[in-house]
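The structure appears below as structure tokens.
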Amino acid sequence: MRDSVIKSNQSAQTATIREIARRAEVSIASVSRALNGKPGLSDALREKILAISQEVAYQPSAAARQLISGKTAVVGISLGRQDIELRPYYILLYQHLTVALHQQGMVPVFFNHQQTAELPERAGAAILLGEAPDDERPALLKAAAIPFVRIGDAGEGFSVAPDDRQGLYDMTHHLITHGRQRLAFMGGELEVPRPHSRLEGYRRALAEAGLAERLISLPHRLASDSLNSYRYLNRYLDEEGAQPLPFDALVCATDELALGCVAALEDRGIEVPFQVAVTGFDDLPTLATGLTTVRQDIAEIAETSMALLAEARAGEAPRHVSLPVALVVRETG
């Protein structure tokens with residue numbers, strides 16, 4: 001039923017645009033130029049088209065904007081090289097981004113990494129998710145003069161990210177002040193040379209307390225983070241030996257990793273948090289219930305992305321926005 005309503009609305013919008021063109025005796029392209037304030041029309045013709053649009057009560061939807069302005073109204077949401085679409089965090093972020101774009105009258109289009117080369121051809125702007133040291137997307141978009149925003153702790157260009165370093169510093173400091181002395185950090189591919197801002201926050205808190213770091217680096221696998229951490233932690237404990245435990249706290253880079261760790265520890269009869277505290281990052285709805293974690297505001301990230309994208313389109317100087325996070329203490333730590 002909902003799909004039929006959407007199709008009906010889109011058909012009505014298309015019909016309205018064509019009606020404006022018919023009444024004004026011009027092409028749809030001329031209607032587009034008039035409605036979007038673009039040059040190429042006489043003042044008299046522009047006024048005529050705008051007057052007719054008011055008569056027919058034209059209100060362009062996102063789909064109609066794409067019809068009359070081509071790729072200008074399209075914003076590509078692009079995934080990085082890793083299979084981050086498997087993460088609930090990116091699914092939630094994508095949902096917020098699509099809502100924010102629709103509210104701006106824009107058309108979101110999903111691009112996986114294999115479609116990177118198609119971005120300049122199909123989109124007038126882009127939002128890039130994920131980070132990698134060899135990410136070719138920024139250079140590709142710059143060469144094509146396509147404005148873009150990165151969500152993540154990126155280098156040059158427009159970008160927005162939660163304050164990962166401070167969040168993991170606060171979490172690690174919290175655990176230390178509550179008596180934890182053997183804190184291990186778990187994250188994906190920690191040895192890969194790319195920004196590891198959450199790891200940096202962990203390290204700073206340990207250095208201030210004079211404690212040694214313990215790193216558990218998970219290899220990339222085509223499975224959920226929770227399943228990866230569950231399997232890997234079991235193997236890690238088998239190799240290390242059950243007694244004594246090599247850590248009294250697991251500081252995890254994501255909520256998903258933390259949930260897998262909690263399950264692995266409980267299956268081995270290790271009490272959480274009495275023997276081992278476990279913490280995450282993101283505070284994902286439903287998933288993070290009961291989990292001590294760091295909350296980031298995903299809706300604010302999406303809204304800030306819209307503001308930065310507008311600045312990028314206007315040719316303003318690039319900047320990075322770091323959004324505050326909050327420590328959320330629950331049962332696991």
Side-chain angles (χ1 to χ4, degrees), residues 80 82 84 87-90 92-94 96-97 100 127-133 135 138 148-178 180 183 185-190 192-209 213 215 225 249-258 277-285 287-288 291-309 311-312 317-330 332-333:
Q82 301 294 338
I84 56 177
R87 287 194 55 199
Y89 168 75
Y90 282 100
L92 184 62
L93 177 57
Y94 181 80
H96 279 280
L97 286 172
I127 297 173
L128 308 183
L129 310 183
E131 304 171 15
D135 192 347
F148 66 92
V149 172
R150 299 192 69 160
I151 296 182
D153 196 3
E156 59 179 320
F158 289 91
S159 60
V160 56
D163 193 346
D164 291 343
R165 292 175 184 81
Q166 188 63 43
L168 253 294
Y169 171 85
D170 292 343
M171 179 62 76
T172 306
H173 180 74
H174 161 78
L175 292 169
I176 293 171
T177 58
H178 284 75
R180 308 293 175 169
L183 298 87
F185 181 88
M186 175 180 282
E189 298 180 302
L190 300 178
V192 175
R194 65 168 183 256
H196 290 288
S197 51
R198 298 182 185 183
L199 174 60
E200 292 171 11
Y202 159 84
R203 282 175 163 162
R204 180 161 68 93
L206 287 183
E208 290 180 1
E213 69 177 43
L215 302 184
D225 278 357
L250 283 171
V251 185
C252 299
T254 69
D255 288 345
E256 301 101 296
L257 291 175
V278 180
T279 65
F281 196 110
D282 292 330
D283 195 27
L284 296 175
L287 286 181
L291 186 67
T292 294
T293 186
V294 177
R295 176 181 298 153
Q296 60 170 304
D297 192 333
I298 297 177
E300 187 176 2
I301 290 175
E303 292 173 6
T304 304
S305 298
M306 297 302 100
L308 291 175
L309 197 59
E311 293 178 17
R319 64 190 180 102
H320 174 74
V321 177
S322 181
L323 298 176
V325 296
L327 186 67
V328 181
V329 179
R330 298 192 180 104
T332 64

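Small disclaimer: the values here were computed from a predicted structure and weren't measured.
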Of all the heavy-atom pairs spanning Leu183 and Tyr202, show the shortest one and how long it is. O-OH, 2.6 Å

Once rounded to the nearest 0.5 Å, what's the spacing between atom NE2 of His96 and atom CE of Met306? 12.0 Å

Any donor-acceptor pair under 3.5 Å linking the side chain of Thr292 with the backbone of Arg330? yes

In terms of relative ring orientation, are His173 and Tyr169 parallel, tilted or perpendicular, with 30° and 60° separating the classes? parallel

Of all heavy-atom pairs between Arg150 and Pro138, which one has the smallest distance, and what is that distance? NH1-CG, 3.5 Å

Any side-chain donor-acceptor pair under 3.5 Å between Asp282 and Gln296? yes

To the nearest 0.5 angstrom, please state how far the CG atom of Leu327 sits from the CZ atom of Arg295. 10.0 Å

Has Asp255 got a side-chain atom pairing as donor or acceptor with Leu284's backbone, closer than 3.5 angstrom? yes

For Ala253 versus Phe185, what's the shortest heavy-atom pair and its separation? CB-CZ, 3.9 Å

For the pair Arg198 (side chain) and Leu168 (backbone), establish whether a donor and an acceptor sit closer than 3.5 Å, ignoring hydrogens and angles. no

Pair Tyr89-Glu256, side-chain donor/acceptor within less than 3.5 Å: no

Chi angles and distances behind the side-chain contact (heavy atoms from CB on, under 4.5 Å) call for Leu129, Leu93: CA-CA 9 Å; Leu129 310 183; Leu93 177 57; 3.9 Å; yes

What distance separates Tyr90 OH from Leu97 CG, expressed to the nearest 0.5 Å? 11.0 Å

Measure across Ala249 and Leu175 and return the closest heavy-atom pair with its distance rounded to 0.1 Å. CB-CD1, 4.2 Å

Rounded at 0.5 Å granularity, tell me how far CG in Asp225 sits from CG in Leu257. 4.5 Å

Contact summary for Leu206 and Glu213, nearest pair of heavy atoms: CD1-CA, 3.5 Å

Under-4.0 Å salt bridge between Arg204 and Glu208: yes

Restricting to non-hydrogen atoms, name the atom on Asp283 and the atom on Ala288 that form the minimum distance, rounded to 0.1 Å. OD1-CB, 3.5 Å

Please round to the nearest 0.5 Å and tell me the distance separating atom CG of Leu291 and atom OG1 of Thr279. 7.5 Å

Let me see the working for Val294 and Asp170 under side-chain contact (heavy atoms from CB on, under 4.5 Å), right down to the final yes or no. CA-CA 9 Å; Val294 177; Asp170 292 343; over 6 Å; no

To the nearest 0.5 Å, what is the distance between CG on Leu308 and CZ on Arg319? 5.0 Å

N/O donor-acceptor pair under 3.5 Å between Thr332 side chain and Ala277 backbone: no

What verdict does the side-chain contact (heavy atoms from CB on, under 4.5 Å) test give for Thr304 and Val149, after you've listed the backbone C-alpha separation in whole Å, the side-chain angles of each residue and the deciding distance to 0.1 Å? CA-CA 10 Å; Thr304 304; Val149 172; over 6 Å; no

